[in-house]
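Since the structure comes first, as structure tokens, the remarks are kept for the end.
Just so it is clear, the structure is predicted and the values come from calculations on it, not from any experiment. Here is how names work: the chains are called A, B, and so on, in the same order as the sequence lines, proteins then strands, and each is numbered from 1.
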Number of protein chains: 2
Amino acid sequence: MSVGNGYSPPTEERPAVAVDVVIFSLFENDLHVLLIKRKTPPFQGLWAIPGGFMNLDESLDEAAARKLAEETGVTEVYTEQLYTFGSVARDPRSRVVSVAYFALVPFSSISHQPGEFEEATAWHSLKTLPQLAFDHSEILEYALQRLRYKLEYTAVGFQLLPDQFTLSQLQRAYEIVLDEKLDKRNFRRKILAAGVIEETGRRTSEGEGRPAMLYRYKDDSVTEVKTRRLFP
Amino acid sequence: MSVGNGYSPPTEERPAVAVDVVIFSLFENDLHVLLIKRKTPPFQGLWAIPGGFMNLDESLDEAAARKLAEETGVTEVYTEQLYTFGSVARDPRSRVVSVAYFALVPFSSISHQPGEFEEATAWHSLKTLPQLAFDHSEILEYALQRLRYKLEYTAVGFQLLPDQFTLSQLQRAYEIVLDEKLDKRNFRRKILAAGVIEETGRRTSEGEGRPAMLYRYKDDSVTEVKTRRLFP
DNA sequence: ACAAAAGTGTTGAGAGTACACCCATGC
DNA sequence: GCATGGGTGTACTCTCAACACTTTTGT
């Protein structure tokens, strides 16, 4: 039944609204993204960014969080709305407007380890991406660009690491995502000067070499944007 | 009739998708935004950002451009998607997801001058904003923040000026939007070093004082992002 | 003792900022 | 000739980038 109320369009003339969540994680010295293999046409057999339709009783942000939890079992991680994709023919079956999000999940917090549950879900290195369904290559490209950009002038890098981490781990995270080598002394000076992390007082106990100080980020400063770029 | 195809939600369970366009222009030494007075409940009598529902045969960008043309008669101006607002109760009548855009229009190109056609449409200075309907205050706040941010590290400032402009006009535009005074010599040096504008060879002929060189922006560099902030 | 990773300062270059006077035109 | 806005250069400060050795631990 049509629900036209004289102000909003009758329901037959409404597009479907989906959320797609680009889920990044860092492991094996590489940035990875979670993809799902499509079992049905169109684009059968191609990989796609996890997503689904928004329910009427949830906000967009809630829909994104729900999708993220469904795919990774993770809640309370850094999530940010990316862009809304609304070309007419982006889904060949019907009109779908898709609100894309990206999420940064520490690998240690993921309950679905690679290939553990559904065979059709897998982490892919950004260096060896398969062909993607729909306009998902474009979405992923956009997400990666945004992630790099964010890292350059904010301190979201923490969000890819466990609660406590060493400065070397953090530097490695930045190097992997930005795909460039950073100077150790300059990195430490800058990240400490930014005032967004603090010593825990504890040190790493295992591993080779000298034990390293463990840091944590200060909760209040996580999303705070720095006035100057950290890594221009 | 419901259109459930087994893959996307039946139409009764789809939100309406709207686009709202925050239209900025610069005149009378002030930044202004175009607002529309609501004639019907809810929020009757309050001002709102121009917007409307997307049609199924147009993309989101096209819907935004259409809205912009309807309100100002202007096409081909700088338009950028801002954010998508999707709280459950943002519209008390029904579920509406709104994709917000912002546009920069040179005042000289506007065919609807203030109050010329519909009484219910008017330009408002950002210094004296009325109460707004729905979550439009939030949208406007977000748009202004984004505009300022863009001006700080790109050269979109031109988009608020006519095709040809003087450096003083451009500086005034930046000063108004950023709401701070800039040094004349430093401004000129930076904006010229950025290489995004060029002399036309012509000079202003009317007005008091010494005639000023007219500049235009180089088309290809309009949207190009500078690596360094222009005005940090 | 040696391998492996952690930690630590200084110097030079370039960018950013502050600042004041002369120039061309209209009235 | 004076009022109005246009146009120009320099010195100082500070941030950024480059660079190498010592320390602590495990084996």
Quick check on DNA chain D: between Gly209(B) and Leu167(B), whose nearest nucleotide comes earlier from the 5' end? Gly209(B)

Among [options], the nucleotide that comes nearest once only the side chain of [X] is considered:
X	options	answer
Pro211(B)	dT24(D), dC19(D), dT25(C)	dT25(C)
Arg210(B)	dA6(C), dG16(C), dA24(C)	dA24(C)
Asp183(B)	dG7(D), dC19(C), dC19(D)	dC19(C)
Asn186(A)	dG9(C), dT4(D), dG7(D)	dG9(C)

May I ask you to decide whether Arg216(A) forms a salt bridge with Glu199(A), counting only side-chain N to carboxylate O separations under 4.0 Å? no

Quick test of your reading of the model: are Glu70(B) and Lys67(B) salt-bridged, counting only N-O distances below 4.0 Å? yes

Flag, side chain of Gln171(B) to backbone of Ser168(B), donor-acceptor distance under 3.5 Å: no

Would you say the base of [N] and the side-chain of [X] have a donor-acceptor pair closer than 3.5 Å?
X	N	answer
Arg185(A)	dA20(D)	yes
Lys184(B)	dG7(D)	yes
Arg189(B)	dT10(D)	yes

Figure out the [atom1]/[atom2] separation between [X] and [N], and round it to whole Å.
X	N	atom1	atom2	answer
Glu152(A)	dC16(D)	CD	P	14 Å
Leu214(B)	dG6(D)	CG	P	11 Å
Glu180(B)	dG16(C)	CD	C1'	14 Å
Lys181(A)	dA18(D)	NZ	P	13 Å
Phe187(A)	dA5(C)	CZ	C1'	16 Å
Met213(A)	dT23(D)	CE	P	18 Å
Arg203(B)	dG5(D)	CZ	P	17 Å
Glu208(A)	dG26(D)	CD	C1'	7 Å

Ser168(A) side chain near dA5(C) phosphate (N/O to OP1/OP2, under 4.0 Å): no

Contact between Ser98(A) and Asp20(A) at the side-chain level, heavy atoms closer than 4.5 Å - yes or no? yes

A quick test of your reading: do over 12 heavy atoms of other residues, nucleotides or ligands sit less than 6.0 Å from CG of Asp163(A)? no

